[in-house]
2 protein chains.
Amino acid sequence: MATITPARRQATTALLDAAEELLVEVGHAGVTVRALAERAGVNQGLVHYYFGSMDELLLQTLERFTARLIERQRALYAGPEPFVEKWRTAMRHLTDDLESGYQKVWLELQAMAWNHAGMRDRVRQVLYTWVGVLRPAFQDGLAELRIDEERLPADVAVALVATFNQGIILEQLSGADSGHRLLLDWIDEQIASAERRAAGPPRGG
Amino acid sequence: MATITPARRQATTALLDAAEELLVEVGHAGVTVRALAERAGVNQGLVHYYFGSMDELLLQTLERFTARLIERQRALYAGPEPFVEKWRTAMRHLTDDLESGYQKVWLELQAMAWNHAGMRDRVRQVLYTWVGVLRPAFQDGLAELRIDEERLPADVAVALVATFNQGIILEQLSGADSGHRLLLDWIDEQIASAERRAAGPPRGG
DNA sequence: CATTGCCTTAGTCAATCGACTAAGGCACAG
DNA sequence: CTGTGCCTTAGTCGATTGACTAAGGCAATG
């Protein structure tokens, strides 16, 4: 019986989906065996039979979610379109992901990880993978915009973007806004004007 | 009997202290009535007698903590020293606060607030107060550095600083680092060179 | 010294938690 | 049709939770 039965695959998927839904709706403290089972429409014994423990289920929830996160990021920056376009897509995600609950899931998982060594390692690894995707994309992007490595090193740009993005996400979850629209519009204008300069004279003296 | 007995004041303070300690050590899920009472060295019945409920105790923990947070920020930017010095103090806090557990307390309280409407309002208010302190400080700072409002509006600078700071804090709690030192050193150099320019010729053509 | 009334305590309560298990079901091999 | 073994289920277990309360303590008052 090497094959996993369709019923089993469906049940495990339903449980992982339910975990994400509960993270969005009530936070990680509300993810209990019974709530999961009810939401997924399965018996609560399945959680232990399939996953062994709550911990393992949550770890797999983290694995599945972060795999998606990285995949989307990789796909975005692997595209052939100009850098400014990728940037705008990424910034649009900031808004879209709030509505979809994506960010809530991610930060609830992070909050769990603050007090869970195993999850913390995984979260750190995800961030490093994310930065690893960002770095070459920004090296190319800055070159494309003819912004000197000396004026703004790619590593610095990556750190700045990574951190202010996470800050925006954090503020959004508290329903706060220190001026996101203003900031994003300003950056967009900086990139746009750099693009205009880059398209202009091959390089002034 | 208008006065609150010293014993009572001591016990309530001990409970609020214990709440912060537990937030640092085990996260907000570990803040239980019994754990609080044991840590504070008082009877568990006191939590309800003094605070009425866990919720109220945690709200007061949030109140007390954020009052300190804002006060420190206000004191920092109210000082007479040049902007760059205030900036460096603020950035030093980023590292110090990690070790002291300050940041863990603050983010655990925020994480609670994601699923607690009453706390969320308070967290938002704290952020706005924070930004309200930052804005005039940055208006003065940018003027001091002779950075044109047109080149970098103060509101944009504030939003950028507020968000990337929170992003750094978030990464620190996961034990991750997308390049904080690099970023902070780069910004420091930008400010330092702006200061040199500002101290130089009164303004070139 | 006796009384009054708030303060403080130990202990109890129902509810809920993660974990676990006995038992029946069901698809498949022979 | 029968046996075999994994799959799935309902139900139980001790531990822990927030909430609550009866009863004793103790300082202030007259």
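Note that the structure is a prediction, hence the values are computed from the model and not measured. Note: hydrogens, waters and symmetry copies are ignored here, and every other heavy atom, side chains too, is used. Protein chains get the first letters and strands the later ones, always in sequence-line order, with residue 1 at the start of each.
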Chemist: Rounded to the nearest angstrom, tell me the gap between atom CZ in B:R9 and atom P in C:dT8.
Modeler: 13 Å
Chemist: Would you say B:E20 and B:T61 are linked by a side-chain donor-acceptor pair, where the criterion is simply a distance under 3.5 Å?
Modeler: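 Their side chains do not contain a donor-acceptor pair, so the 3.5 Å distance test is not met.
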Chemist: Between D:dG11 atom C1' and A:Y49 atom OH, what is the distance in whole Å?
Modeler: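 These atoms are roughly 18 Å apart.
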Chemist: Atom CD of B:Q44 and atom P of C:dT12: how far apart are they, to the nearest Å?
Modeler: 12 Å
Chemist: Compare side-chain N and O positions of B:Y50 against OP1 and OP2 of C:dT8 and report whether any pair is under 4.0 Å apart.
Modeler: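 Checking B:Y50 against C:dT8: at least one side-chain N or O falls below 4.0 Å of OP1 or OP2.
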Chemist: A cation-pi test, strictly: NZ or CZ of B:R72 under 6.0 Å from the centre of the six-membered ring of B:Y102 and no more than 45 degrees from its axis. Yes or no?
Modeler: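 Satisfied, under 6.0 Å and within 45°.
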Chemist: With nearest nucleotide decided by heavy atoms, which residue, B:V42 or A:G52, maps closer to the 5′ end of DNA chain C?
Modeler: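 Looking at the nearest nucleotide for each, B:V42 comes out on the 5' side.
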Chemist: How close or far is atom C1' of D:dA15 from atom CZ of B:R34, stated in whole angstroms?
Modeler: 11 Å
Chemist: For A:L15 and D:dT9, give me the distance from atom CG to atom P, rounded to whole Å.
Modeler: 11 Å
Chemist: Select from A:G45 and A:A35 the residue whose nearest nucleotide in DNA chain C is closer to the 5' end of that strand.
Modeler: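 Upstream on the strand: A:A35.
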Chemist: Taking NZ, NE, NH1 and NH2 as the nitrogens, is one of them in A:D96 or A:R92 under 4.0 Å from a carboxylate oxygen of the other?
Modeler: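 Salt bridge between A:D96 and A:R92, a charged N being under 4.0 Å from a carboxylate O: no.
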Chemist: For B:F51 and D:dA19, give me the distance from atom CZ to atom P, rounded to whole Å.
Modeler: 13 Å
Chemist: The side chain of B:L46 lies closest to which of these nucleotides: D:dG11, C:dC17, C:dT8?
Modeler: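 So the side chain of B:L46 is nearest to C:dT8.
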Chemist: To the nearest Å, how far apart are A:N43 CG and C:dG25 P?
Modeler: 15 Å
Chemist: Return the value, rounded to whole Å, for the distance between atom NE2 of B:H48 and atom P of C:dA10.
Modeler: 16 Å
Chemist: For A:Q172 and A:D97, what are the C-alpha separation, side-chain angles and deciding distance, and is it a side chain to side chain donor-acceptor pair (under 3.5 Å)?
Modeler: CA-CA 10 Å; A:Q172 284 180 337; A:D97 290 352; over 6 Å; no
